[in-house]
Colleague: 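The structure that follows is given in the form of structure tokens.
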Amino acid sequence: MIRRRIARSFVAVLLTCTPLFAAAPALAHQSPEMAAAADTAFARRADQLVDLIAGRIAFADYFDAGFQKALPEAQFRAVTANLIAQYGAPVAVDGATSSNGLSGTVRLRFEKGVVTVLLDVAAGADEKVVGLRITDFTMADDSFDKVAAELAALPGHTGFLVAELDGGGIRKIAAANSERQFAIGSTFKLYILDELAAQVAAGKRRWSDVVPLTHASFSSAGTANWPKDTPVTLQSLANWMISVSDNSATDTLIHLLGREAIEARMKAAGHSDPSRNIPFLTTVEAFALKGNNFERERAAFVGASDADQRRLLDVNADKMVLANVDGVSFAGGPRFIDSLEWFASPSDVARLMIDLRARQSPEAMAAMAINNGVGPAAAAEWSWLGYKGGSETGVLSMSLLGQRKGDDKYVVVTASWNNPDAAVATETMVALVKRLLALAAK
């Protein structure tokens, strides 16, 4: 229970292309005769999407029992209401294609643009829908100014930067609050990746080196419940840390590479206020300091000098372990996101991307590209796309490095949203970042 509570609330929530609606299981292979017959069912259900989202078709009449169980009607209606609030009313189906007569893609036009929907219909007389997933949205007549205005209207504080990388320089395309320090959640792990790649380039380590998994932490999607000291390669640790934001892999790498070496790399990469991240916290240290079991240590840590903070961590190293973290603390709202987090400005992130590219490490770039954060439709305009995101309650950060088709230029798209008073809406931020990415591709 504690693990689930913390996983929901604190760092390392990886911003994948999360479906808005439940996805269907794989459908069995159909004979040509069945596929042809089901094609009419797919077309009919596709044609009903406007009325479904507008609330003119009964939820239970459209979806099968399994879908209804996975996604209750109240939740479905909340998501559709959010869609309408952001994009206007659904207007028409602009197109529907299916390769097997049961599963296919629908282009659903709203007042402000077009949504891409993956639709799965069960074979049978009732033609119930077993899966519906929104994968992309293309805004009509969009602009950086429009996205900037919507970001600025969000509660709390937001900032973003879209910039071309020109060698070691940054050519700003669009930005707002790009020099402001934001809590960035697990985006800090890019500094660890940068230092790992630097140590490999210096001949100190190899990506194939096998090391023990030494430090357990919460929200470790790749290594959850793995035995301590399980042997893994450095490349595996890097892949887990970046693609699924695995915290055990992260803390193992921090201890292996050295906290101060990562801090030096952060400074060399051009962080504008490195003291915000010194000492460079492990995820377990951050969990501990935010939790109720370490209130006295937290009071001493916040506001202390870098040297005093480092001494506090050293003195409490044996206490600040996973077993002593109070998970119940994280069940509420944002916790100390202005003082106990990892921080960077959008411009800092852009300079970090420059430093990562300077490593000329195929392995580091490959780790970033495993999960591009926005899905295949949004990535289609890019020859290559790498990503790291991070979140905790009240914090959301998304950072992408892409090679644009056409001119092969590298572009950074990074945005952060902090609200110390309430949780932030992931789906809203993802939609806005996808729009920035689409505009940057042009």
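Computation of the quantities below employed the complete heavy-atom set of this structure, encompassing side-chain atoms and omitting hydrogens, waters and symmetry-equivalent molecules.
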Colleague: Taking the six-membered ring of F42 as reference, does the NZ or CZ atom of R45 fall below 6.0 Å from its centre and within a 45° cone about the axis?
Modeller: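 Geometry flag: not set, cation outside 6.0 Å or 45°.
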Colleague: Measure the OG-CZ distance between S339 and R298 for me, rounded to the nearest 0.5 Å.
Modeller: 8.5 Å
Colleague: Under the criterion side chain to side chain donor-acceptor pair (under 3.5 Å), which of S219, S217, S186 is the partner of T283?
Modeller: S217
Colleague: Output all residues satisfying salt bridge (Lys or Arg N to Asp or Glu O under 4.0 Å) with R296, sequence neighbours left out; order by chain, then residue number.
Modeller: none
Colleague: What class does the angle between the rings of F59 and F63 fall in, given that below 30° is parallel, 30 to 60° is tilted and above 60° is perpendicular?
Modeller: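 It falls in the tilted class, 30° to 60°.
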Colleague: Using a 4.5 Å cut-off on heavy atoms from C-beta on, say whether the side chain of W382 contacts that of N372.
Modeller: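 Contact flag for N372/W382 side chains = no.
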Colleague: For a quick check under 3.5 Å, do K267 and N277 share a side-chain donor-acceptor pair by atom type?
Modeller: no
Colleague: Do NZ/NE/NH1/NH2 and the carboxylate oxygens of R276 and E341 come within less than 4.0 Å?
Modeller: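 Salt bridge: no.
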Colleague: Could you tell me whether the side chain of E164 reaches within less than 4.5 Å of the side chain of R404, counting heavy atoms only?
Modeller: yes
Colleague: Looking at residues at least two apart in the chain, or sitting in another chain, which of them share a ring pair (Phe, Tyr, Trp, His ring centres under 6.0 Å) with F294?
Modeller: none
Colleague: With sequence neighbours excluded, what pairs up with Y191 under the ring pair (Phe, Tyr, Trp, His ring centres under 6.0 Å) test?
Modeller: none
Colleague: In chain order, what residues pass the side-chain contact (heavy atoms from CB on, under 4.5 Å) check against A261, with sequence neighbours excluded?
Modeller: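 Only E195, Q199 meet the side-chain contact (heavy atoms from CB on, under 4.5 Å) criterion with A261.
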Colleague: For N292, give me all partners under side-chain contact (heavy atoms from CB on, under 4.5 Å), at least two apart in sequence or on another chain.
Modeller: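 Applying side-chain contact (heavy atoms from CB on, under 4.5 Å) to N292 gives E295, D326, S329, R335.
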Colleague: So, using salt bridge (Lys or Arg N to Asp or Glu O under 4.0 Å) as the criterion, who are the partners of E381 when residues are at least two apart?
Modeller: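 Per chain and number, E381 pairs via salt bridge (Lys or Arg N to Asp or Glu O under 4.0 Å) with no residue.
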Colleague: What pairs of residues pass the salt bridge (charged side-chain N to carboxylate O under 4.0 Å, His left out) test when at least one of them lies in residues 47-57, not counting sequence neighbours?
Modeller: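 Those involving residues 47-57 are D51-R56.
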Colleague: List the residues meeting side-chain contact (heavy atoms from CB on, under 4.5 Å) with A422, not counting sequence neighbours, and say none if there are none.
Modeller: N419
Colleague: Go through the side-chain N and O atoms of S275 and D306 and say whether any donor and acceptor fall under 3.5 Å apart.
Modeller: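 Their side chains do contain a donor-acceptor pair, which is all the 3.5 Å distance test asks for.
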Colleague: Does the pair D314/R310 count as a salt bridge with the N-to-O cut at 4.0 Å?
Modeller: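 Judged by the 4.0 Å cut-off on N to carboxylate O distance, D314 and R310 do not form a salt bridge.
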Colleague: I would like to know whether F67 and Y62 meet ring pair (Phe, Tyr, Trp, His ring centres under 6.0 Å); could you show each step before the answer?
Modeller: CA-CA 10 Å; F67 186 101; Y62 194 85; 8.5 Å; no
Colleague: Can you sort out the partners of R77 under side-chain hydrogen bond (donor to acceptor under 3.5 Å, both in side chains), two or more places apart, ordered by chain and number?
Modeller: none
Colleague: Tell me every residue that passes side-chain hydrogen bond (donor to acceptor under 3.5 Å, both in side chains) with S345, counting only those two or more places apart in sequence or in another chain.
Modeller: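 Residues passing side-chain hydrogen bond (donor to acceptor under 3.5 Å, both in side chains) with S345: D348.
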Colleague: Does anything in residues 139-148 pair up under salt bridge (charged side-chain N to carboxylate O under 4.0 Å, His left out), and if so which pairs, sequence neighbours excluded?
Modeller: D142-R435
Colleague: Does a salt bridge link K290 with E285, judged by any charged N lying under 4.0 Å from a carboxylate O?
Modeller: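 Not counted as a salt bridge, because no side-chain N and carboxylate O are separated by less than 4.0 Å.
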Colleague: What verdict does the salt bridge (Lys or Arg N to Asp or Glu O under 4.0 Å) test give for R265 and E260, after you've listed the backbone C-alpha separation in whole Å, the side-chain angles of each residue and the deciding distance to 0.1 Å?
Modeller: CA-CA 9 Å; R265 178 60 48 196; E260 294 185 1; over 6 Å; no
Colleague: Does anything in residues 233-265 pair up under ring-ring contact (aromatic ring centres under 6.0 Å, His included), and if so which pairs, sequence neighbours excluded?
Modeller: H215-H255, W226-W240
